[in-house]
Structures are given as structure tokens and as C-alpha cells.
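Presented below is the structure to which this report refers.
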Protein chains: 6
Amino acid sequence: MQQLVQGIHRFQREQFSQDKKLFETLVDGQHPLALFITCSDSRIDPNRLTQTKPGELFIQRTAGNIIPPYGAVLGGEAATIEYAVAALKVRDIIVCGHSHCGAMAGLLTPESVESMPAVRAYLQHAEATRRIVEENYSHLTDPAKRLTLTVEENVLVQLESLKTHPSVAAAVGRGDLKLHGWVYKFETGDVFTFDPDQNQFLPLRDVASPLSETQRTLPPI
Amino acid sequence: MQQLVQGIHRFQREQFSQDKKLFETLVDGQHPLALFITCSDSRIDPNRLTQTKPGELFIQRTAGNIIPPYGAVLGGEAATIEYAVAALKVRDIIVCGHSHCGAMAGLLTPESVESMPAVRAYLQHAEATRRIVEENYSHLTDPAKRLTLTVEENVLVQLESLKTHPSVAAAVGRGDLKLHGWVYKFETGDVFTFDPDQNQFLPLRDVASPLSETQRTLPPI
Amino acid sequence: MQQLVQGIHRFQREQFSQDKKLFETLVDGQHPLALFITCSDSRIDPNRLTQTKPGELFIQRTAGNIIPPYGAVLGGEAATIEYAVAALKVRDIIVCGHSHCGAMAGLLTPESVESMPAVRAYLQHAEATRRIVEENYSHLTDPAKRLTLTVEENVLVQLESLKTHPSVAAAVGRGDLKLHGWVYKFETGDVFTFDPDQNQFLPLRDVASPLSETQRTLPPI
Amino acid sequence: MQQLVQGIHRFQREQFSQDKKLFETLVDGQHPLALFITCSDSRIDPNRLTQTKPGELFIQRTAGNIIPPYGAVLGGEAATIEYAVAALKVRDIIVCGHSHCGAMAGLLTPESVESMPAVRAYLQHAEATRRIVEENYSHLTDPAKRLTLTVEENVLVQLESLKTHPSVAAAVGRGDLKLHGWVYKFETGDVFTFDPDQNQFLPLRDVASPLSETQRTLPPI
Amino acid sequence: MQQLVQGIHRFQREQFSQDKKLFETLVDGQHPLALFITCSDSRIDPNRLTQTKPGELFIQRTAGNIIPPYGAVLGGEAATIEYAVAALKVRDIIVCGHSHCGAMAGLLTPESVESMPAVRAYLQHAEATRRIVEENYSHLTDPAKRLTLTVEENVLVQLESLKTHPSVAAAVGRGDLKLHGWVYKFETGDVFTFDPDQNQFLPLRDVASPLSETQRTLPPI
Amino acid sequence: MQQLVQGIHRFQREQFSQDKKLFETLVDGQHPLALFITCSDSRIDPNRLTQTKPGELFIQRTAGNIIPPYGAVLGGEAATIEYAVAALKVRDIIVCGHSHCGAMAGLLTPESVESMPAVRAYLQHAEATRRIVEENYSHLTDPAKRLTLTVEENVLVQLESLKTHPSVAAAVGRGDLKLHGWVYKFETGDVFTFDPDQNQFLPLRDVASPLSETQRTLPPI
Ligand SMILES: [Zn+2]
Ligand SMILES: [Zn+2]
Ligand SMILES: [Zn+2]
Ligand SMILES: [Zn+2]
Ligand SMILES: [Zn+2]
Ligand SMILES: [Zn+2]
């Protein structure tokens, strides 16, 4: 705890002055570029990864970057998403899984979360992930590859779940919002994004993530 | 979106190499110092504020740093807290509110969230905050002061809620976990912590936050 | 009631003998072609519409052919879908809306369901439909056209919701299951199906409904 | 799927013309005789069984003709029942179980639905059925007879559950609504109805089902 | 508070000695005659009313003697009922409403509980009562008579709800448990019980309450 | 049942006349001294224990004197507490556990409540109690002492839970309400209250229970 308090004091002494102007303009409100949804894992620092400054990323973090479908849980995820889309009008939502995710490991080995009833209950919102891996990839037995696949499939499952949120469905429908699925491999610094044309995760290129391209736009009426 | 992608490429080119060694040691698992619970607000960067490195802070972020009591919602908050305490054995949990919080503003002016049903539903977990402010502070009419008070009271309310989580109650009971209530005023860089002796929030000093001192320890049996 | 009892007696006297052989083979189990999800509306007769015999269609009917996302409600919809996919191994699911749907009319005029709290609560699972129509089609003011659009959009919304059900997600992923969105206009006998290429509902042709073509298949691993 | 599409085309070519007039009168609204609640089982065709035409039966179908008590699940069952009674003013509700019901078989052998969590959860609304069979009929060991008994008891249990729905309780109280419990044995074409005087299910006779006779009417005030 | 503490000391000094023997036999377990479900109202003392001694009445008390149907709320009511029936094997359950009940008054005037969201939510389990009174007794305008009728109807509604609890349904079915509906008019000391033959509440006579007589017994198999 | 009916008749003949005046004044409303929350156990008679008369104690009783945190269950506990605090303005709430509590015994031996799903579900609201005993008192193996400890810890856990109820939090904050934790040992007539200074349960002395002394009062603003 001492370390955190000393860190804050160092921040106040050494760094705040360079942010001061920026923070003053932010008193009147935030206009973030995107909603970034990722795991609570301590090895992820979304602002550092994307080199963003205060005011640029609205961030939601719970274990396993899980997004319960709309109506399933009137919890923080639904409220945070709705606030980002309907109040802050973000233009992009990124769902970012990561390598070595403990929540996804728990999904593959339920006995490891036996004594954690709240974790077990929450992982039910990744039941589609579990079922996809179990039913469709029984031939994939290497544990490391199986975990990587689970992390990837879970990003796609949570994107489907995200689309059931009314504010998201409406904004995507009119072309005001794009959805992106990423996987961050922290030990190499790589970020992968799902490419629907090639049907796999590929290294993030210098283009907008293509997933949203398959989104339906407003029909002519 | 382009800015985020370019930021990642800059991170990969310019900064990853200096973190590389650290990240490699983190492949085997995380051992964070604390669970840091704060709002999704884009103006907060917990790692920068506390000058912590990857692996040091387990972070939970949803709108309004709200923590539904145990059993109220089988959502991400309960799972993330349980995982941090029971699996990662963090020794401290910080609940950190902040100045100009949009969620708390929504609590004071329900009509502003009328068209956001998920936000409205989630704010029911801050109903105690709302009721405390309405019933006990009717004399406080200045909107800015009223919002500041609401942010502070909400931190205390959510700490009470946090104590209902079984893993937290058990770890606090045996002295393995301390709970801290903070308010971050981003426009000045100040951090305040609740001091039960003086019954108010005071600037964070270079000591462990005193709130936990009133915690009950194991009775002699 | 007399009419129903007399109808049954007529069925027993005049029609059962011709079904008898078929029913005897069905004693050992059912192997339906598809799961047909439609409204409870009395003007729809799925077996007559599709000219199917006993044993061919597994049928789910509740008001408004609404499908709560997985986890939202542990009700009959989730169980029926799971049973159809995981136990009966159906190869197709059709979500079929219809013209003049009272549930969709209730969605557009909430005051009309004011005194029906269970209906009002259930329509929350069509909140995405309502929001899409309200936010994206404010220019469409003709009530009849607005209801038709609502019926169509609701079919697409419920298809998204259907994809969050784990058994569905897994079976679609491996190519064992296709999803179809239909609208039945009972007063003309027409059936429309959504064509993603043309981005609109078109008369059902003598081909498999194309919606599933955009489904992702198993990636090569 | 081809078969269904071809069936629709046959319906449009060969049968729609004879229904055309009827369907045109139904454009203005439906006035069904009854709400018919039965299982999703493909071997049941309620319209054919009762020889009813479009517009005559409002039909609710989910696995096992289960009706969660009011408030237990804000799902399709409660909304459909409320709409039928409060908006359409049906005068009769029939709960119709059937022979060889897979859902009831699953209730007796929980291990058979082990991998279907949504089915398992839904069957909790037939827990009274399970408990009645287990506690009161331990002497009945023949599997076929045990399944038949379970189907019958479940109809009675779901009728009790139906009475907890406010719109039903109010309409039954003033004599505007009658409730009927049926079992359909599809392989013989027989329909049985519960006779409270004889305390057993008897073949449906040409009279109104007697179950409602025990309903309480308005006391004189 | 002082009064309560002093009352306890008086009990300890003056009365405990006469109960001592009884309490000692009760250390090994309780075998209550009945489960008594009534309102939390301070004007009701079930033990004094029935002249029962410690060990004789298992007592459940929440506002309005409301019993949510099984599955509606996994709260104290369901657990207490199940424990009484399945573990303690009580032979009778009494649901006892009372005159001047504040909860029932709140049901008739929803605006009076506007600022009490938990009360409002709980009264949804008496929605059938409200609907019966509103729809079937619009001619009854005298407020006192209307409240009396509401208390009576609510007892009958909660008895229906009680029957959905599996342990109750099973025990009633085999004749091991009887259900009774009472109304206690504290200002006169009268107790009324529902007589199904006369279709009204009548003064409690020196016979077993007749309501259960209409219960179905085990059919001959 | 006969015994209860005869008891009522004895009450009416022999005792009601002495309460008559009191009951008449209570027709206009109740003004109880306190809300008394205790177990449904038949061996507890709160009015006799505290020597209180009708109108003095508002009483909530469900199995195990469990109080689900606010929002966890919209059941009778939340409504009863809110009504007592917000409508009746009680000044004290007592949570009173007791010796030989069957619910707490069930918490320690889950297999004993295996066939009681509603009891099992409700005990989840005492999961913090279970976890505290299991994790922090593994050295305490004597079953009787372990049950006593569980009863005591559960009172403290439920007090924490009680504080999450908004009406309670607000009233405690302004000094209008005090909370008390008691354990009643019926076989000796002793009542114990938690003393935070000595960190243990001590015999109830002739002073207000000290637990509330640690409550936070309104800060100076
Ligand atoms: Zn993770
Ligand atoms: Zn905020
Ligand atoms: Zn419809
Ligand atoms: Zn069936
Ligand atoms: Zn009352
Ligand atoms: Zn007890």
C-alpha cells in the first residue's frame, strides 16, 4: 500500500504539472474516442498500450472481458456500455482479450474455480465459449493452444453478446458505431484483430479493424 | 480508431522493448499489490496516477465505481472481487471515486438518465447514496458541493457493500485484507482518503489509509 | 369450449385413422426437421402454412416471437431452444414474425400495455427493436408501415439474441445449424425472408434461406 | 429446409384461396375461443386435433407445457397468458400435456439433461411435479406408468401455477374464465381430462371440462 | 431500547424459572404443531393469541403475510416453508391476515408507498389480490370495507401461492398437511376462517378449519 | 390444530378483556419501539422474552434470521425493513440469533439440506458466515462450539448486510437509528450482545447495546 501512496505523491510532484492544462479542459466533460472493454488482469494497461491520454479511452474492466447479454444481468457492464454509446456517443467499441487469461483458464478447468461461486456464476456468460471449444475443437488437446483458442473464441462470443444491447444495436444499424475484436499477447506486445474475410485473428494492421464491415446498414425505405 | 492503432504501433516500436523483461516474468502469473476499483471515466488512468507497472494493479472499472452487494447481481463485480481476493490474495482493495463523475450526476438528476434503462437500473445499487444525500443533506443546495458530497458518500456506501462479499468478509476478519475509500480530484491531481477519526475525507498522507483500522479482528477463542 | 370438444371428437372419428400409422412410428421418438419459433397469435398455423405432418416441426410459441438472450430469463424459450438443438439436433431454426402482430403494436404504443405488467416486462426483450425503430426511422410516420418495419426489425433482433444461446452458437459454428428470419403476411399468404445481400426482406424463393450464408465456419487450426 | 419452403409454396398454390376470405376478416383483429398451452413436441398439432381454423386458438408452446408461477420468470409464458386473458378476453385456458413427453422424461432422469443447463433450470418449475411423484408414488416402479403419471400430475401442478397469475385469478374469480387440464395420447388419438369428482383423468366427454366447477365465485357483499 | 433490556431482565428474574424444564427438553430439537405465517405488524402476538408455549408454533413474519410463489424469489419465505414442511413435518400451515394491515392499505393506495421501492416491489406478489379487488369489486367504495375485503382476498391469494411450493404440494397431496386461511381482527379478538361451502370467512369454530377438505387426495393407482 | 383453535377460544374468554383498551388505541396505527429480526424457530417468543405488549415490537421472522443484502432478493426482508424504518420510524433494529439454530446447523453441514433446494438457496445469503467460519476457525473442531460461533458470526454478517439497505443507511447516518446484534440462548434464558470494544459477545447489561456507537454520524459541512 505504501508503494501506491508513494507513487501518487511522485505523480503529483513530477507528472501532474504536464497534464494540468489537459485536465482543466476535461473538467467540462469527456469526449472519449472509444469504449475499451478488457480483463481486470494487472498485466494490461490500456492507456499505455494505445498511447492514449486522459479523456481518450472510456474503459470497462471485469474478469475475462465478459459482456452478459442485455437483460441477463442488470449490472455494471450493461450500464457502462449504454452510457458510453447513448450519452458519450463513442464511435468504436473494442473487446480485447489477452494471453494467459486466468478467467478463460477457469472456464476450461471448472474444478479450479470450485470454491469461487461468484466466478463460477459469472463464467456462465461465457458458456457459449466453453461449448464452442468443447464441441467443435475436441481434437485440439495442447493446453496452451487450447487456451489461446478459448481467448479468441470468447472475444467473438462477447461481441455477439454486445450486439444484443439496444443502444449498440441501434447505433451499429445507422453506421454510427463499429465493433472490434482484439487479442493482446502481452509477452510479445502483439495485438491481433479478427479478420472475417480470412476467418481468423491477424496482426493489427494500420487500418480500421474490418469486423464491422459485415454489419448491416439501414435498408432503403 | 486510426489514432488507437497508430498508438499501439508506437508502443510496439518505442516502448515495448523496455517492458519486455518484465512481461516475460509475468507470463507465469500475476501477483498484484491491490485491487483498484474505479469508474470507467476516461479521465482516470489508475496506473499513471499510482505510477505502477504492469502486474502491480488488478483493476475493476464500471460506471460510477459501484459495487452491488453480494447476491444482488451475479455480474462482473462479484466475480472480479472474488478472484482478486480468493485466487490472487490481494492485501488491499481501493474504492476510488472521482470529481465530476457522470454516473453520480445521473443519480442526482434521474431525469437525465430517463432514456438509459440499464444505467437507471444499475444506479439502484447506489440508492443508499441517493437516500443519504436526499434525506440527510437537504440543506446543501449548491450543485457542485452536492455532487462532491455524493461522490464521497458513494465511496463509503460501496465500501459497506463490498464488505458483504464473503471472500472480503473472511479476509478482512483475519487481518489479511484492508479496505480503502478514496476520491480522486483529477483537475488538481489530489487524492483524498476517508479518515474515520475525523469523520471526513482528508488529503492522502504517506501512511496506510486508516479506514481499515476500525475493522474487527479475530476474537480470542 | 363445446366447439373444441366437438372438434376433437370429429378428429377422432374422421381423421385419426389416416394418421394412425404415422403416430405409431412416432411413439419411439421425434426427429423434427426444424425448430419453428413464432407468435402465439391465433391467425398462424405453422403446420398448415408449411404443409408439415406430425413429427416434422418442433414449435415454440410465445407472444411476439421474442427470444430473450441467453441468461436473461431462465424460461421456456432457452430450454426449448436448447432441447431442440442439443437433444433433437434440428438443422434449421426459423424465427417467424407476422403481419398485424399485437405484441409489436404494444411495443410501439407502450400506453396500450400499461395495465399488463407481464407483457410490459417481456417487451423489454424487444427493447433493441424499439430503439432501432425510434432512433433510426423517425422519418417513417405512417403507422402501418411503421408496424411492418417493427415486425421485420424484431425478427433480426431476435436472431441476434438467438445466437447468444450456447448450443446455437456451437452448432452454427460447426455448420450443423442454420438460422432463418421470416415474416408471414397472413392476409396474402406471403412469406418473406431476409436477404443479407440485398439488405431487405424478399419473398421466400425455392432455395434455402440465405441468412446463414454469412455465418462463420470453423477456422483452420 | 427445402421441404418447408416447398410446403409453403404448395400452401400458397393449393390452399390459401379457400382461407382468403377468412384471413381478410382477421386483419382487423383476433377473437380466439381459448388459450391452448401445450408442449413444443412436434407430434402435437393443436389446430388439427381440435379441428379449429385460423383465428380460433391462441397457442403457447414451450417444452413440457410448463407455466412458471407469476413473478418467477418474467418470460414469455406470463406475458402470453396475460395478453390472452386481459387483452383478448379468452374464456377458457387448456393446459395440455401429452404421452411420451421428453421434458417429463428429463424430469424423472435428471442425468439425461445434465449437459443441458437451460433445460435443467426450466425443469425447476416442475419441481412440485417431481416431488409429488418421488414422495407419493414410490411404489409405482414401471417406467411407462411412471411417465404417464408424471405427465398427469404435471398438468395439475401447472394449473395451480396458472392460478397465481393475477389476470387469471381475477377472471376466474368473477366467472369469466375456466381452466382445463388435458392429456393427449397421440398414438391413440385419445384426450383425457381431469375429473375432480372421480379424482382422476377420464376420456374427454361431450361436456365442458368439469375442473372449473370447483372454482370459487364472487361472494355476496 | 432501555424498555426492551429491562423487559428481558424481568423475564429472566420472574418467568424463566417456570419455563426452564420445558426449555431443557427443547434443546434436543423442536416439534412444532404448525407453521404460522402472519404479518410483521406489532399488534399481533401469535403465541398469546393461540395460547401456545415455546416449541409449539414455527412462525414466519414479513410485511403483509405475503408468500411469493415458488421460484419467484429465492428468499426467506420459500426456505422457511420448505424447512417447516420437509424438515419439521408440520401438519398444518395457517396464513393469517389481520385488520388494519398497513401493507394491504399500501396495495390499495400505491402512491403511499411511492418512496419505498422495496415495499412496492414486494407488493407485486400481491398483484393478484389488487387485481381481484380492482376488477371484481369496483362497486365496493367504502374504504374500510374495501380494506377488509382486500385482507380477506389476500389470504386466499397467498394460499394459492403457497400451493406452488413443491414440499407443500407433495405433502398436501398425500394428506399429511392441511392449509388454513385466517383473518385476525385484533380490536375485537375475533378470528375468522374461510369456509368454502359458504364461500365466505366465518368465525373460527371449534373444528378443524374446513378449507383443506377440498384438497385432492391420492388417486387410486 | 384443535389445540390452536381451543387456545384462541381461551384467549378470547380469559385474556382479551384485559387487552381490550390497549387494542382499541392501536386501531389508529402502530408505533413500535423497535424492529426485532429473529429466526422462525418455535422456541423463540420475542414478546415474552422482552415482556412487550401488542404494539411495541415489529417482528420479522424467517429461517436463520438471515437478511439478504439490498437488491439481492426483492423479498419480504427488504420490504419489512424499509417499512419499519421509513414508514414506522423505528429507532432500533435488533438482529437476534439463537442457540441450537437449525438453519445455522444446515450451513455447516450442507449435505443435511441437500433435498431442500429453497433452504440451500437461501443459505447463500449466509455464505459470508460460512466462509468466515471455514477459513478463519479451522482450529475450532468441537461441533457445539462451532455452531455457537456460527450463530454469533452470522449475527454480525447479517448486520453488515442490513447496513446496505438504503433506508437503514440513511437513518443510521443521521443518528435516528441504532443497530444491535444479539444471541439468545433459550435453554438458560441468557441474551448476549456484541461489544465492539471487547470484540466479543457479552451478557446483555442494563444499557443500550453499544454496537451502534461505532456508527458514523453526519460530518460537518
Ligand atoms: Zn484475463
Ligand atoms: Zn465517474
Ligand atoms: Zn404476434
Ligand atoms: Zn413434451
Ligand atoms: Zn399487516
Ligand atoms: Zn434458527
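The analysis underlying the following values was restricted to heavy atoms, covering all of them including side chains, and did not include hydrogens, waters or symmetry mates. In what follows, chains are A, B, ... by sequence order, proteins preceding strands, each numbered from 1. What you see is a predicted model, and the numbers here were worked out from it, not measured in a lab.
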Return the option, out of [options], with the maximum number of heavy-atom pairs under 4.5 Å with chain A.
{"options": "B:L35, B:T52, B:V191", "answer": "B:V191"}
{"options": "B:P54, B:G55, B:A63", "answer": "B:G55"}
{"options": "B:Q15, B:E82, B:R10, B:K53", "answer": "B:E82"}
{"options": "B:E24, B:K20, B:Q51", "answer": "B:Q51"}

Quick check for you: among [options], which has the greatest number of heavy-atom pairs under 4.5 Å with chain B?
{"options": "A:T62, A:T25, A:L123", "value": "A:T62"}
{"options": "A:A118, A:S115, A:A86", "value": "A:A118"}
{"options": "A:L49, A:D45, A:L4", "value": "A:L49"}
{"options": "A:L26, A:N47, A:D28", "value": "A:L26"}
{"options": "A:M116, A:E187, A:E56", "value": "A:M116"}

Heavy-atom proximity to chain B below 4.5 Å, by part of [X]:
{"X": "A:F58", "value": "both"}
{"X": "A:D92", "value": "side chain"}
{"X": "A:R91", "value": "neither"}
{"X": "A:L33", "value": "side chain"}
{"X": "A:P46", "value": "neither"}
{"X": "A:A84", "value": "neither"}
{"X": "A:Q12", "value": "side chain"}
{"X": "A:Q124", "value": "neither"}
{"X": "A:I67", "value": "neither"}

Treating [X] as the side-chain partner and [Y] as the backbone partner, does any N or O pair qualify as donor plus acceptor under 3.5 Å?
{"X": "B:Y70", "Y": "B:S161", "result": "no"}
{"X": "B:R43", "Y": "A:F23", "result": "no"}
{"X": "B:T109", "Y": "B:E111", "result": "no"}
{"X": "B:T80", "Y": "B:Q60", "result": "no"}
{"X": "B:S40", "Y": "A:I59", "result": "yes"}

Region of [X] in contact with chain A, defined by heavy-atom distances below 4.5 Å:
{"X": "B:I94", "result": "side chain"}
{"X": "B:T38", "result": "neither"}
{"X": "B:E14", "result": "neither"}

Next item on the list: Compute the centroid of each ring, for B:Y184 and then for B:H98, and state whether the two points are separated by less than 6.0 Å.
Entry: no
Notebook entry, point to check: Less than 6.0 Å separating the ring centroids of A:F186 and A:H100?
Noted result: yes
Next item on the list: State, yes or no, whether a side-chain contact exists between A:I44 and A:C39 at a heavy-atom distance under 4.5 Å.
Entry: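 The answer is yes, as the side chains (C-beta and beyond) meet within the 4.5 Å cut-off.
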Item checked: Check: A:V5 and A:H9 side chains under 4.5 Å, non-hydrogen atoms -> yes
Checklist line | Electrostatic pair A:R48-B:D19, nearest N-O below 4.0 angstrom | finding: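 A salt bridge is present here (some side-chain N lies under 4.0 Å from a carboxylate O).
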Next item on the list: With rounding to the nearest 0.5 Å, note down the distance linking OG in B:S99 to CE in B:M104.
Entry: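 Reported value, rounded in 0.5 Å steps: 13.0 Å.
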Check: So how far is it from A:C96 SG to A:I37 CD1, rounded to the nearest 0.5 Å?
Finding: 10.5 Å
Note to self: Tell me which one of B:F192, B:F194, B:W182 satisfies ring-ring contact (aromatic ring centres under 6.0 Å, His included) with B:F201.
What the structure shows: B:F194
